Amino acid sequence: MYLNIMGEVADESINTHFLSKPKIVLHFFDGTEDRRIPFILTNVTYVDGKCYFSGKYRYRLDLLFWKTRKDCLPFDMYLNFSFADYYEEKIPVDLTPEEFETDDKCYGYILEGNHFRFLPNKKKIYHTRFSRTFVGVVDFIVRAIEYIIAILMIPLFMIDGLLRFTEVKRFPAKFNDPNPIKRYIAFVFSRFSSVATYKVSIWTVKRYIFRKCYNFYKLRKIQDNKITFISLRRDDLSGNFAFVYDKLKDDKNLDINFILNEHTIAYMSFKEIKAFTKACATSKTVILDEFTPMIHYIDLRPETKLIQLWHACGAFKTFGFTRLSKPHGSPQTTRNHRSYDYVTVSSTYCKKCHSEGFGIPTDNVVATGIPRTDVFFDEEYKKQVREKFYTDYPHFRNKKIVMFAPTFRGMVKETAFYPTEMFDLETVCKKLPDDYVFIIKHHPFVKDEQPIPEKYKNRIIDLSENSELNDLLFVTDVIITDYSSLVFEASLLNIPMVFYVFDLEKYINERDFYFDFKLYAPGKIVYSQETLIDCIAKRDFCEERIAPFADMFFDYRDGKSTDRVVKLIYDSLK
């Protein structure tokens, strides 16, 4: 479907909320499941108190619905619209189809009130058995010829690789593995794939083995009491997993297993592949806490329920399919995230955000609360954490503790960084009184250390590597952050926050948020270090913004989120 949309908004607040941009979401429903996909606006202009917008994008209609994609059901399409603090679902619009096109061989459509109804032509979509067979045979012959030619050229690829291995020629920049043998093998595989039009690499070989291994273990019976926790985020039992396991561990009827490491499929050993696929094939419930790409390479059995205990609270920065047109955004044609049977979130407000980001039905998103936030309601635990902290850092007792906890810049883990020159510790310490001390807590992806001036080492500690972020909140008086999801946990404790966002417009263009940052950020927004220091000195934190923010993103503040998640897990075993 090629879709053009244009429109305008007239709002008196446009000039003051100049960072607000209209957001349009296409909302599809086939009677069984729904799907939310952002519409890409390429032109947004503000003139005389009005905002004009337009955009055009191409969508694959046959890949909208994952669970029911093979049924080819009729479905409806509505438009949802938001701007600043305004939001409306299924808005009435002029549906004149002058600039609306579909492949008439596969889909017909009719107008029904304020939405389109799509009517799939199953015969055309599936084609005839003869045509499918003919296309398959021709495609096989073409690929076979290309493959034979590529095999005959392998000696040439190997010689070319040797020239680069011996540094007579240089390897292309993308072949940057520190091991020269691996660089050589990857280069030869790449040259082979470019001719064979079939990608051959260590990753593709392992993925093939991964799938075959899973299909082998699928021959075994599912164990109705077997639960497997899988995390690529951590190699120990911590975070949400620790809280959930603590509730489950005394149930002797459960068979609980763990796969905790940072290995994606390219770095998995064959022993790890065997353990992973066996667990997925024989478990009644599989629980994740992070994007786990290899779980989407396989089709889990219908009896196996996949639960995503997403690590972040709330819905702050856009992720997944919401980043459709952003750098490194996921195209809506991939199957990533779309296998989840349940995703746990902190509030009802987050349901539509996670439904859109993960490409799953809204009903698959459950507002249980986040297990690891239960400690925020445990007074005894908070007391113990404070005492331990002041025992380890006695010179911080009776001081005003400021935690500097920004998120990373860059798109992926390998290129993550923070421009530390934008937060000059020497200037900050010099201009604030001596009773202000600082905790540095960079995102785990950021490996460069924040320079700490020698003369202020008694006022600054860097705990980026060795402390639980949530525990540090119990001793923090003020938080300096930018776009970190830390703001959700901080709002539960009503901690004053300053948002130091020197690159806000750039960040919005490249990443964006699920809500208008200027309207909803639960604290003071500043754009320079001078203003940052000034608002801390004057204690100008806009604290009145914290409570409404917490109300939006937390349905429950009772310390029982783990209990609700555990109930969901037991229900999935039935």
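What you see is a predicted model, and the numbers here were worked out from it, not measured in a lab.
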NZ/NE/NH1/NH2 to OD/OE distance under 4.0 Å, K388 and D392: yes

Should the pair K574-D571 be classified as a salt bridge under the 4.0 Å nitrogen-to-oxygen rule? yes

Using 30° and 60° as the class boundaries, would you call the ring planes of F445 and F408 parallel, tilted or perpendicular? tilted

Is the ring pair F358/F319 parallel, tilted or perpendicular, if the boundaries are 30 and 60 degrees? tilted

Identified salt bridge (charged side-chain N to carboxylate O under 4.0 Å, His left out) partner of K67 from the options D341, D299, D363: D341

May I have the step-by-step check of salt bridge (charged side-chain N to carboxylate O under 4.0 Å, His left out) for E89 and R36, ending in yes or no? CA-CA 11 Å; E89 293 205 345; R36 299 169 187 264; 2.9 Å; yes

When you check the gap from the basic side-chain N to the acidic O, do K383 and E380 get nearer than 4.0 Å? no

Strictly below 4.0 Å, N to O, side chains only: are D503 and R409 in salt-bridge contact? yes

Is any NZ, NE, NH1 or NH2 atom of the basic residue among D512 and K317 found under 4.0 Å from an Asp or Glu carboxylate oxygen of the other? no

Which class fits the ring pair F210 and F276: parallel under 30°, tilted 30 to 60°, perpendicular over 60°? tilted

In terms of heavy-atom contacts, K249 and D246 come closest through NZ-OD1, 2.9 Å

With a 3.5 Å cut-off and sequence neighbours excluded, list the donor-acceptor pairs that the side chains of residues 417-435 form with protein atoms.
residue: D424; atom: OD2; partner: T427; partner atom: OG1; Å: 2.4

How would you list, by chain and number, every residue that makes a ring-ring contact (aromatic ring centres under 6.0 Å, His included) with Y87, sequence neighbours excluded? none

Heavy-atom closest pair, residues S339 and H296: OG-ND1, 3.2 Å

Can a salt bridge be assigned to the pair D255 and K284 using a cut-off of 4.0 Å between side-chain N and carboxylate O? no

Taking atom CD1 of I452 and atom CD1 of I440, what is their separation to the nearest 0.5 Å? 6.5 Å

Full working for side chain to side chain donor-acceptor pair (under 3.5 Å) between T68 and E33: CA-CA 8 Å; T68 57; E33 59 177 327; 2.7 Å; yes

May I ask you to say whether D534 pairs ionically with K538, meaning some side-chain N is under 4.0 Å from a carboxylate O? yes

List the atom pairs, donor and acceptor, that lie under 3.5 Å between side-chain atoms in residues 365-376 and the rest of the protein, sequence neighbours left out.
residue: R372; atom: NE; partner: H311; partner atom: O; Å: 3.1
residue: R372; atom: NH1; partner: E489; partner atom: OE2; Å: 2.6
residue: R372; atom: NH2; partner: H311; partner atom: O; Å: 2.7
residue: R372; atom: NH2; partner: E489; partner atom: OE2; Å: 2.7
residue: T373; atom: OG1; partner: I370; partner atom: O; Å: 2.6
residue: D374; atom: OD1; partner: S561; partner atom: N; Å: 3.1
residue: D374; atom: OD2; partner: T562; partner atom: N; Å: 3.0
residue: D374; atom: OD2; partner: T562; partner atom: OG1; Å: 2.6

